[in-house]
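Order of the sequence lines sets the chain letters (A, B, ...), proteins ahead of strands, with each chain counted from 1.
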Amino acid sequence: MPDQNLVLLQGTLDLVVLKALESGAQHGYGVARWVREVTEGAIAIEDGALYTALHRMERRGWLESSWGVSENNRKAKYYALTRAGRKQLEREAGTWGRYADAVFKVLATRGAPA
Amino acid sequence: MIRRMLRLRDVERDLDEELRFHFESVVEELMRGGRSRGEAEEEARRRFGDEDRYRRELTRIDHGASVRLRWSERWDAIRQTARFAARGLARSPGLSLGIVLAFALGIGANATVFGIVDRLLLSPPAHVAEPESVRRILIDRYISFLERRVQGSTIAYDDYAELTALPAFASVGAYSGRRSLTLGSGAEAVPVNAVMVTASFWETLGVRPAVGRLFEEEEDRAGAAGVAVLSWGLWQRMLGGETSALGRTIDFGQGPYTIVGVAPEGFAGVNLLNVDLWLPAHTAGAALQGADWLQGRGAYWLNAVARLAPGATVAVAEAQATAAHRAGRQANIERGFYDAEVRVLATPLIAARGPNPSAESRVARWLGGVSAIVLLIACVNIANLLLARGVRQRRETGIRLALGVSRARLLGQTVVEALLLALMGAGAALLAAQWGGQALRNVLLPDFAWTAGAVGSRIVVFCLLLALVAGVVAAIMPAVATARGDAARILRGTSGGITSSTMRTRALLTVAQAALSVVLLVGAGLFVRSLRNVQQLDLGFDPDGLLIVRPVEDSPELQPGERLALFTRVAERLGAVPGVTGATYTRGAPFYTSYAEELRAEGLDSIPSHTGGGPYVFAVGPDYLETMRMRIVRGRGFDEDRRGGGPPVTLINEAMARLLWPGQEVVGKCLYIGDDATACTTVIGVVADARRGSLIEPDAHPQYFVRLEQEAERTRLTADDSGDGTRIGVYSEKARPEMLLVRVRDDASGMLQRVRDAVLASEPRLRYVNVTTLSEELIQPQMRAWTLGATMFSVFGGLALLVAALGLYSVLAFDVAQRTREIGLRSALGADTGALLGMVVRRAVLMCAAGVTLGLAAAALLSPRVSDLLYETAPRDPATMAGVAVVLLAVAVLASGAPAWRAARVDPNIALRAE
């Protein structure tokens with residue numbers, strides 16, 4: 001079911017991007033670098049997908065963008081969380097945490113009774 | 001457009017800039033890490049992924065296309081849901097067909113009735129400009145002999161004239177009642193309904209002619225040359241819709257009238273009855289009614305409509321009109337002849353919204369309600385069927401829920417399914433309304449001026465709206481039931497949860513259907529009983545097999561004496577026609593005309609008053625009582641006075657005998673008829689009471705019958721005595737025979753042509769002979785409200801019963817199918833066929849009994865509100881209610897037959913092995 005995979009991937013991707021912006025506004029390149037550093041390259045996300053997520057979430061009102069000047073003095077587009085975006089982050093993070101806990105618990109048990 | 005293109009360009013430039021920054025930053029970072037520019041650029045592209053695809057995607061998200069995207073996404077979702085729904089429906093075609101039929105029935109009933117309700121209650125008369133500022137003028141006054149206030153529309157010419165002077169009205173028009181005239185002569189003669197109107201009538205309504213022009217102010221003056229406006233229908237019928245008809249003349253016995261124009265199609269003035277011909281009140285009115293009707297306050301022959309002046313309110317207009325009316329009637333008010341508290345009302349143009357709507361419009365209102373109930377029953381039934389479907393598909397539902405399909409989506413799908421079915425039903429309903437509506441009109445309201453076909457755009461819109469509403473209403477409960485389903489429990493296969501609560505809901509819905517059907521059937525019963533009571537009324541004469549014959553003379557009209565001779569000859573001639581058993585000429589007839597005359601009675605100072613007014617006199621031919629089959633209870637008839645000439649005699653009815661001489665022998669008493677009469681008119685007999693003005697007169701009106709020849713003699717004498725030449729015309733009118741009444745042996749309507757031919761053959765000087773049946777002309781119009789009510793309630797009640805029976809059947813059949821295992825077990829344990837049959841039938845009867853109880857309670861609450869539409873039938877008539885209960889229980893037993901039989905035949909071996 002490609003449809004469901006896509007939904008799952010998208011949800012996770014959104015969560016990652018939102019988290020990347022939690023500590024402050026950032027441009028797309030910054031988000032990409034942050035993700036790569038934090039996950040140590042474990043999750044392979046194409047940069048193009050990150051940008052798609054950024055633009056899509058801006059449309060949905062979770063992010064807002066503005067043009068700024070980057071560290072090396074170049075014109076760059078910065079994204080920041082809106083109030084709705086911050087709420088979405090909390091919600092997604094909570095769901096994800098409970099889900100992960102549950103999976104961990106499953107994995108921590110010794111194995112199914114005979 | 002240009003701005004949008006600029007914005008598009010902006011979006012792409014922004015994206016370019018954003019991505020350029022990205023690639024440059026990544027390349028720089030990688031180069032800082034020690035790679036060559038070439039390697040770095042390749043790595044950056046690799047990390048980014050398919051750049052072209054992402055660019056397209058990003059562009060699409062960005063440039064406002066996102067809005068379009070969302071719509072198209074939504075559209076895709078709807079299409080997908082609809083496809084899915086259609087597939088689901090196709091999987092159970094029987095059930096789907098049942099639902100479509102139920103929708104078609106519910107919506108069709110409403111569409112059919114809507115045409116009538118719309119015309120009677122909702123739409124203003126056709127072709128009236130700005131109808132909301134046009135008001136009907138009514139006079140609200142106390143009428144002493146009726147002992148109550150009456151809102152009447154008829155006014156005299158001077159009443160109309162004084163309204164035209166009021167500042168609150170921009171314009172006032174007057175119109176007469178319909179009058180039947182004959183155009184042409186002999187075989188080509190055409191009977192038409194004519195209405196006389198003032199020229200201001202057209203201006204007040206703002207009507208525009210279809211062809212030619214309407215008549216002008218100077219053509220509507222006494223002495224002006226005659227002009228006429230044809231209705232669209234008559235123009236088509238008689239003149240083939242030719243424009244050359246303008247300028248031609250028509251003749252209805254008063255000289256030539258020039259056709260100047262044609263009214264727009266479907267225009268019937270402000271009332272609903274057909275009109276063929278429009279004539280100026282001042283010329284044709286004077287010719288047909290007498291010039292004296294054009295002035296004074298004695299002749300109530302006009303009705304008025306007024307257009308409010310800009311800024312004038314109804315209250316102001318009514319105040320001005322009331323003041324003017326009271327001033328105009330001052331003399332009579334002072335003498336106590338006219339109500340001092342009289343008020344002039346300016347009421348809405350849609351008569352049904354005015355103070356005294358016609359019985360038809362009140363019945364139409366009920367029809368609207370009744371058809372709404374039918375729709376409700378259909379919705380309940382559909383909800384029931386959809387629930388059954390939902391249960392059957394609960395496995396699939398469970399799987400989809402488990403797969404994470406959202407409940408909203410499932411809910412939406414049930415609604416979309418119902419809407420699809422409702423739309424199909426609406427299509428079928430429109431087909432049904434096409435012929436059903438036409439049939440209904442022809443049967444129930446034949447003489448109405450319908451402006452459009454049975455199915456117009458308003459009905460189509462109405463049907464679609466109904467389909468939407470009905471679809472959603474019918475889907476709510478099944479949708480909730482579906483979405484409430486618990487995936488785990490459904491999949492585990494415990495049929496608990498959804499099924500038992502659904503079964504309960506379905507049983508409740510079945511009870512509701514039965515209850516609603518009961519309400520309709522009780523309505524049907526009440527109206528049918530009323531209609532039967534009216535039909536079986538003893539009118540005091542026998543209306544069946546009576547023809548009304550009206551010879552139309554060539555102009556100029558005959559003198560009353562000559563006319564009497566003509567009618568006498570025709571009556572004799574008709575008596576010899578095969579199939580005719582009696583014929584008489586007469587001036588008065590029940591439901592037609594009768595009048596009161598100055599009267600004194602032997603031994604009394606004055607005539608006691610009677611609530612019905614009167615006493616009323618009928619001037620009749622010698623065979624009148626016999627032809628009418630009126631019963632003589634004392635004394636003798638007119639037999640010995642065939643030729644008149646003898647001493648004046650009269651027969652009185654029982655009511656009059658009771659009023660004048662209670663407890664005394666009345667035969668031989670004297671009546672003195674007319675102003676200052678001294679001659680004794682001897683009472684020679686007493687006639688059984690008969691109706692006079694309407695089918696449902698509470699008490700018989702006092703009436704007496706005199707010989708037309710003697711009446712002519714008496715009034716001629718009176719005129720001679722007075723020596724006042726001008727009064728001859730007026731008085732001798734009373735000796736003018738109006739019609740012939742002919743009794744035929746059997747098929748009255750089959751005799752029309754033969755009677756017409758016989759008269760025309762024997763009297764070549766006649767222009768035309770108008771022959772109708774008395775029942776059709778005078779009785780059926782009075783029964784219309786009951787006929788309408790009885791027919792519609794019966795038809796809808798029957799349909800509702802059918803739907804309810806189907807609903808009951810489907811619930812039971814489903815029930816039996818679900819409980820196959822249990823039934824098999826019982827049968828294995830030794831339950832006999834009878835017990836199994838009984839189990840199913842008992843359930844049916846129980847549900848039905850609950851429905852009957854609820855329905856009867858509802859009917860008992862509602863029915864007093866129709867009591868004024870019923871006749872001699874108690875609104876809570878126990879026989880009707882009991883009958884309906886029996887019918888419903890019988891239907892329940894019938895509906896349970898097949899499922900019960902199936903239950904009884906369950907083979908325990910197969911049933912227990914299943915699942």
- Between A:Ala49, A:Gly28, A:Gly30, which has the largest tally of heavy atom pairs under 4.5 Å with chain B? A:Ala49

- Message: Nearest 0.5 Å, please: how far is CG in A:Leu50 from OH in B:Tyr54?
- Response: 8.5 Å

- Item | Exercise: identify the closest heavy-atom pair between B:His22 and A:Ala32 | CE1-CB, 4.3 Å

- Checking heavy-atom separations under 4.5 Å from chain A, one finds in residues 24-41 of chain B B:Glu24, B:Ser25, B:Val26, B:Glu28, B:Glu29

- Message: Can a donor-acceptor pair be found, under 3.5 Å and without considering hydrogens, that links the side chain of A:Arg59 to the backbone of B:Ile61?
- Response: yes

- Message: Does the plane of the ring in B:Phe48 sit parallel, tilted or perpendicular to the ring in A:Tyr51? Use 30° and 60° as the thresholds.
- Response: tilted

- Message: Nearest 0.5 Å, please: how far is NZ in A:Lys75 from CG in B:Asp14?
- Response: 6.5 Å

- Per-residue contact mode, B:Glu18 against chain A (heavy atom under 4.5 angstrom): both

- Task: Could you grab the distance from atom CG of A:Asp47 to atom CZ of B:Arg46, nearest 0.5 Å is fine?
- Result: 9.5 Å

